[in-house]
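All remarks here apply to the structure that follows.
The figures here come from the full heavy-atom set of this structure, side chains too, leaving out hydrogens, waters and symmetry mates. In what follows, every chain begins at residue 1, and chains take the letters A, B, ... in the order their sequences are listed. This is a predicted model, so every value here is computed, not measured.
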Amino acid sequence: MAKNTNIRISLPAVCFVWQIAMIILFGVFIRYDEESDTHWIEHRRKKNISTNLENDFYYRYPSFQDVHVMIFVGFGFLMTFLKRYSFGGVGFNFLIAAFGIQWALLMQGWFHHLDEHDWKIKIGVENLINADFCVASCLIAYGACLGKVSPVQLMVLTLFGVTLFAVEEYIILELLHAKDAGGSMVIHTFGAYYGLTISWVLYRPLLSQSKHLQGSVYHSDVFAMIGTLFLWMYWPSFNSAIADHGDGQHRAVINTYLALASSVLTTFAISSISQNNGKLDMVHIQNATLAGGVAMGTASEFMITPYGSLIVGFCSGIVSTFGYLFLTPFMEKTLKIQDTCGIHNLHAMPGVIGGIVGAITAASASESVYGQEGLINTFDFKDAVANRTVNIQGGYQAAALFVAIAFGLVGGALVGGILKLPIWGDPADVNCFDDDVYWEFVMCCGLYHVIIPKHLD
Amino acid sequence: MAKNTNIRISLPAVCFVWQIAMIILFGVFIRYDEESDTHWIEHRRKKNISTNLENDFYYRYPSFQDVHVMIFVGFGFLMTFLKRYSFGGVGFNFLIAAFGIQWALLMQGWFHHLDEHDWKIKIGVENLINADFCVASCLIAYGACLGKVSPVQLMVLTLFGVTLFAVEEYIILELLHAKDAGGSMVIHTFGAYYGLTISWVLYRPLLSQSKHLQGSVYHSDVFAMIGTLFLWMYWPSFNSAIADHGDGQHRAVINTYLALASSVLTTFAISSISQNNGKLDMVHIQNATLAGGVAMGTASEFMITPYGSLIVGFCSGIVSTFGYLFLTPFMEKTLKIQDTCGIHNLHAMPGVIGGIVGAITAASASESVYGQEGLINTFDFKDAVANRTVNIQGGYQAAALFVAIAFGLVGGALVGGILKLPIWGDPADVNCFDDDVYWEFVMCCGLYHVIIPKHLD
Amino acid sequence: MAKNTNIRISLPAVCFVWQIAMIILFGVFIRYDEESDTHWIEHRRKKNISTNLENDFYYRYPSFQDVHVMIFVGFGFLMTFLKRYSFGGVGFNFLIAAFGIQWALLMQGWFHHLDEHDWKIKIGVENLINADFCVASCLIAYGACLGKVSPVQLMVLTLFGVTLFAVEEYIILELLHAKDAGGSMVIHTFGAYYGLTISWVLYRPLLSQSKHLQGSVYHSDVFAMIGTLFLWMYWPSFNSAIADHGDGQHRAVINTYLALASSVLTTFAISSISQNNGKLDMVHIQNATLAGGVAMGTASEFMITPYGSLIVGFCSGIVSTFGYLFLTPFMEKTLKIQDTCGIHNLHAMPGVIGGIVGAITAASASESVYGQEGLINTFDFKDAVANRTVNIQGGYQAAALFVAIAFGLVGGALVGGILKLPIWGDPADVNCFDDDVYWEFVMCCGLYHVIIPKHLD
C-alpha cells in the first residue's frame, strides 16, 4: 500500500533536462516572424502596409490574453474543487502548461510553420495562441487523472500529448482541410479521449480508499467557480482567436456567446430536476454550463445563425448534465474509467456534438447565405481545394472527427501504458486526492489540519 | 414557518420554457449584422472600407470582454460575502445574467435596432455590450434581495427588469436624446430603485431570525474582494465601451479611472473615522470604493476635466460610505427596506449624483471648450436635435434622471407584487441567507458543516 | 509592548488632505491630451490621420487593462497568503495604489510631459500605464513591510516612493537615455531596494512574538495563487505596454511569454530538489515563477532571440528560488532585514539580472541583426543621441542599473527614518501580521475566530 512517492530526483531531472532541451531546440529552430522582428519596418514598406495596426498583433493580442487566462486561471481553478487537492489542481496545471506551450511551439512549428528556405520556425502572436490551444488538450486530459497521478507522470502525459496533438492537428487542418477554429474536435474531443483512455489504463480498483477526499468543501467550490467563470466569459475569445480577421472573428464571438448563455439555462434546469426539492448541484454548474462553448468550437465561424447557436447550447447543456448524473457513475462501475473532473461530460460529448454540428453546418452551407466570396473565404476553398463543394467539405469534417477520436484512443492507450510503469512516483490509492503527498506543509496548526478534524471526517 | 422551497418543477419549467421561447424568437427576429456576416467583404468594398480593422469588432471587443467579466465575476463575486450564501451569490447571478442577455438582445433590438425593411434585428458586438449593460441593472436589483428570494423569483425579476429597462432606455436615449454612456441613470439608478422597491414590497418583519447568517466570514470577505477589484479595474471599460470611437472612448477611460481612484481614498477615510481606533470596515471597502465609477457614468464622455472627475469620485465615495453607516440601518428600521448589499449606497445615490453631474456638465458645455465639431459630436446634435442648445440638453438630462427613478419605483412595485405571490418557492425567514435551501451538499463532514459549529454560532 | 495603533485621526487626515491636494494640483496642471480631447477630430484632420484607430488608445488600451489587473489583483492577491493578513494584503494594496496613481500622474507629468507653452500636463492612456508602473514599485516595497506597518506609514512610503521614482526614471530614461520598457531597473530594482532598506531601518528584533501568524493557511495560499497567475499571465502586457508600436510590442510579448514559461520549470525543479521527498513549497511556486518576467523587463524589446529569453527565464527562476531557500533566512539573521514577501528574491535579484541582460544585449546589438532602421528605432538613436553606438548604449544601461539601486538604498534609508517616528500607529511586534489591528470584525463567531482556536494555535 505504501508506494514510493519520492520525486526528489525525477521531477527536478525532468524539468531541468527538458527545459535545457527546449533551449537548444529553440536555439536551432525558433526565430521571430516578420511582424515581431525589427525588420518589420522594411517589411511594411515592401508590402505597402500603411499602418502599424495591420501588424497581426493588434488583431489577435486581446484574444490571446483571454485564452491565456483560460489556460492558467480557467483550467487551473476549475480543478481546485477537491477539498484537499487545490494546490495540485492549480499548481500542476501551471507546471505542465508552462512546459507544454514551449514544446507546442516547436511541434506545431515543425508541422505548420517551417520555413523551407532556412528551416526555421518563425513565430508571432498566432503561434502563441496555437501553443495555448495545444496545451488545453493536455489540461483536459489532466482533468480525468486529477489527484491520481504524480507531476512527473503529468509531464510525460504532456510531452506525448503535445506531440500527438501536433500530428493530429496537421492531419485534420492541413491534409483533410477541415475547419475547426475553436477546436471542438482537435482540442476537446482529442484531449478528452486521450485523458479517458489513460485513466482507463491506470484504473485503480481500490480508489474508494481515498473516498473521503474525493469531494469538495464549501470554499473549494467557490474557488472552482473562478475557473468556471473565466472559462465561460472568455470562451468567445477562445473560439474566435484564430478565426478570420473581420467578420470571422466577429461572428465566432456572437455564436459562442449565445451557445454558452443557452447551456447555462439547460444545465440549471436538469440539475434542479434531478434532485430532491430541486436543489442544484455545484458540480453541474461548474462544468456543464461550459458545454455550449465546447460544442460551438467547430461551427463558430460558420453562418450557423444566432438561433442555431442557441440550439447547440441548449442540447449540449442537457447532454453534459445528464452525463454527470448517469454516465460518470456508469463509466466508473462498468467501464472502469475513473474520470475525476467528468471530462467525458464537459469535453468528449460536447466536442463530438461540436464536430457533428460543424459537419452538418458545412455541408448545408450555400452561396445564397454566405455570398460567393464569403463562402470561399469561410472555408478557404482555394489552391488545392479550390474545387471542393460544401458537401464534400462536410464529409471531410466528419472524417476529422474520427481522426481526433482515434488519436485520443490510440495515443491514450500508448501513453497510459508508459505511465503504468512503477517509476513515476504516483500515490497509493489511499493517498489519492491529497496535497500532502507532493506539497510541503510547514505549519503545525494551519487551517489545513484544522478544518477537517479526523474525528469528524 | 416552514415554507415550501421545493423548486423542482418551477425552476426547470421556467428555464426550459423561456429558453425555448428565446430560440423561437431568435429564429424569427435575430440575424448577424453587416459586420459579422460573411457578406462583410462585399460591404467593405461597397463602402470603401480599407481594412478589416474598421470592423467595429476591433474598436469594442476588448471593452466588451472587460464588461463581461464585470457582469459575471464582478457582480457575482461581490455577492459571495455572506458566510453561507456564496453559492447563491455567484450561482444565481450566473443564471439570471445568462438568461437576461438573451432577452435583452431581443428587447433592446425591438426598440433600437429593428430593420424596417425586413423586420429583423441585426446584431454585432455593440449589441452584446448593451445586453450585458441591461442585465447589470437586474443584477443590481438582485443585490437588494440577496439571500431572500428563490431563483425562480430572480428569473421573474429579470424578465420584467429587462423589459422595463428596454422601454426606459428607449425613452431616455431616443426620445429625450439624453446621453448616458456609462448608465448612471439608465442602469444604476433604475436598477437600484427597481430592486429597492421590490425589497420593500417583499419586506420580511421577522428576518432577524436568520441574523446569524447575515454576516460574512474571513474568507468570504476575501472572495468578495475579487468581485470588488474586477469591477473597480474594469469600470473604465464599462463607461467607455459604447462611447464614441476615438477621443470619446479615450476620455471616458481617463475620467472613470480618476473618479474611481478618488473614491477609494474618501471611502477609506470615512470608514476609518467612523470606528473605534480607526479600524476599517470591509463592507465599505468592498462597495463604496466603486461609487466613483457609478457617479461618472453619465458624464464620462464629456469634457468634465480630470480634476472634475476627481471631485465626483471624492463626493460619491463619502456619500456612499455614509450611506452604509447611517442610511441602511435607517431604511431597514423606518422605511422597512431590507437592502442586503446596500445597493442604495452603491448604485442609487451615486447613480443620482451621476445623473445630476451629467446634467450640469452638459448644460455648461461650450464651444470654446469642446470646439464646434467636438460639441456636435459629443452630444450628437444632428438630425432631429440639430438645433438643441446645451442648456436644453441639460434639462433633458435632468428629465432622464426622473424617468429612470420613476421606472424603478413603479416597475419595482409592480414586479414586487407579482413576486409576493406564494408560488415561487422563496425561503422562510429563518432560512434566508442559507445555501442549504437551494443547493445540494453531498458531503457529511465537509467544511460547510465544520466551520461554524452550532455551539459556537 | 502595547503600542498605540489608533489611526482614527491620522488615516482619515492623510486621505482627505492628500486627496484634496490632488484635486487642486490636477486643477492647476492636468488636462486631456490631443487624443482624448474633443478637438481630436480637428487634430486628425490637421495631421492627416485617416482613422480613429490611430488614436493611441487602440494601440495601448488592452495592455493597459492587463497592467491594471496586475497592480490591483496581481499584487493585491499575491499578498493575501498570510493566514490572518489577507484584508491588509489586498486592502492596503488597493488604498496605496489608488493614491499612488494620482500622485504619479503629477510627478511623472512634471518630469516628462510638461507642455512648455502652457505649463500643463496633457494625459492620455500612456500616462495611465506609466502611473500604474510607478505605483508597482511602491507595491513591491510594500511586500517587504507586509504586516509590520500601518496604512498611514504605507501612504507615506507611497508619497515618497512615487516622488523618488519619478526623479530616478527621469535620470534613467531621459538623461542617460537608457531603455527599460518593462522596468527591470526602474521599477523592480528600485522598488525592491527601496522596500528592503525601509524594512532594514524598521528592523524589529522581537518579531518572533508574532511568529504564529507569519505562515499561511491552506485557503490563503490558494488566494495567493490568484495573484500569482494574473501577474504571470499578464506580464507580457506589462513588458510590452509602452514598447514601440508594431514589432516592438509584438516582440516584447513573445520574449516575456517565453522567459516566464522557462522560469516556471526551474522553480518547480529547485523547489522539489530542496525538500524531503521532493515536495513542493507553495512560497516558491507563488513567487519565483514570476522571476522570468522581472528579468525580461529591460531586454523585452530587444532582439534577444526566443532561446535567449528562455535562458533568462531559466537562470532567474533558479536564482529566485535559491534566494527563498537560503538568502531570506540569511538576510533576516545576519543583515537584520525582515522581508515578509521575499521581494529580494522576486524583484531585486531578477531585476538586477534584467538590468545586466539589458546592458549586454544592447551592447551586442548589430545592424546585421536589427537592420539599419530597426537599430535606430529600437534604441531611439536620434536627436541628441543620434551618434551613440551600441557599446556606449550598453554602458549607459549599466549606469542606469546603478542609479536605480542607489535611489532605492538612499531613498529607503531616508524614508525609513521618517517611518521610524513613533507617530504613525504601527503595530507592536506581537500584533504584526494580524488583521485585527486595523480591521473591524463585527461577528462574534465568524470563521475568523474559529479556524485557529487558541488551544490549537
Chain C heavy atoms under 4.5 Å from [X]: which part of the residue, side chain, backbone, both or neither?
| X | value |
| --- | --- |
| A/Glu35 | both |
| A/Val437 | backbone |
| A/Leu105 | side chain |
| A/Tyr61 | side chain |
| A/Ser86 | both |

Please name all residues satisfying side-chain contact (heavy atoms from CB on, under 4.5 Å) with A/Leu159, sequence neighbours left out, ordered by chain then number. A/Trp18, A/Phe99, A/Trp103
For C/Ala365, all residues meeting side-chain contact (heavy atoms from CB on, under 4.5 Å), sequence neighbours excluded: C/Tyr370, C/Leu375, C/Phe379, C/Val390
Check the surroundings of atom CD1 in A/Ile9: do more than 12 heavy atoms from other residues, nucleotides or ligands lie under 6.0 Å from it? no
Assess, by modelled atom type and distance only, whether the side chains of [X] and [Y] contain a donor and an acceptor separated by less than 3.5 Å.
| X | Y | value |
| --- | --- | --- |
| A/Trp439 | C/Asp281 | no |
| A/Asp221 | A/Ser216 | yes |
| C/Ser309 | C/Asn255 | yes |
| A/Ser36 | C/His250 | no |

Quick one: are C/Phe322 and C/Ile270 in side-chain contact, heavy atoms under 4.5 Å?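 Touching, per the 4.5 Å side-chain cut-off.
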Give, as side chain, backbone, both or neither, the part of [X] having an atom under 4.5 angstrom from any heavy atom of chain A.
| X | value |
| --- | --- |
| C/Phe223 | both |
| C/Val283 | neither |
| C/Thr378 | side chain |
| C/Ile304 | both |
| C/Ser237 | both |
| C/Tyr59 | both |

Under a 4.5 Å heavy-atom cutoff, which of [options] has the most pairs with chain A?
| options | answer |
| --- | --- |
| C/Ser272, C/Gly248, C/Pro236 | C/Ser272 |
| C/Glu301, C/Gln249, C/Met225 | C/Gln249 |
| C/Gly371, C/Ala269, C/Gly313 | C/Ala269 |
| C/Leu53, C/Ile226, C/Asn377, C/Thr266 | C/Ile226 |
| C/Pro62, C/Pro306, C/Gly374 | C/Pro306 |
| C/Tyr58, C/Trp232, C/Phe230, C/Phe314 | C/Trp232 |

Checking salt bridge (Lys or Arg N to Asp or Glu O under 4.0 Å) for the pair A/Arg84/A/Asp436: CA distance, chi angles, key distance, verdict? CA-CA 8 Å; A/Arg84 283 208 212 183; A/Asp436 211 20; over 6 Å; no
Spacing of C/Asn55 atom CG and C/Ile49 atom CD1 [to the nearest 0.5 Å]: 8.0 Å
Just give me the residue among A/Val90, A/Thr80, A/Ile101, A/Ile20 that pairs up with chain C most often, heavy atom to heavy atom, under 4.5 Å. A/Ile101
Is A/Asp115 salt-bridged to A/Lys120, going by a charged N under 4.0 Å from an acidic O?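 So A/Asp115 does not pair with A/Lys120 through a salt bridge.
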Charged N to carboxylate O below 4.0 Å: is that the case for C/Lys179 and C/Asp380? yes
Check step by step if side chain to side chain contact (heavy atoms under 4.5 Å, CB included) holds for C/Tyr234 and A/Val69. CA-CA 8 Å; C/Tyr234 286 157; A/Val69 172; 3.4 Å; yes
Looking only at heavy atoms, which of residues 258-265 of chain C get nearer than 4.5 Å to chain A?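 So far as heavy atoms go, C/Leu258, C/Ala261, C/Ser262, C/Val264, C/Leu265 are the residues that approach chain A to under 4.5 Å.
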Do C/His68 and C/Phe64 make the cut of ring centroids closer than 6.0 angstrom? yes
Per the salt bridge (charged side-chain N to carboxylate O under 4.0 Å, His left out) rule, what does the pair list look like for residues 51-78 of chain A, sequence neighbours excluded?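 Passing the test, one end in residues 51-78 of chain A: A/Asp56-A/Arg60, A/Arg60-A/Glu126.
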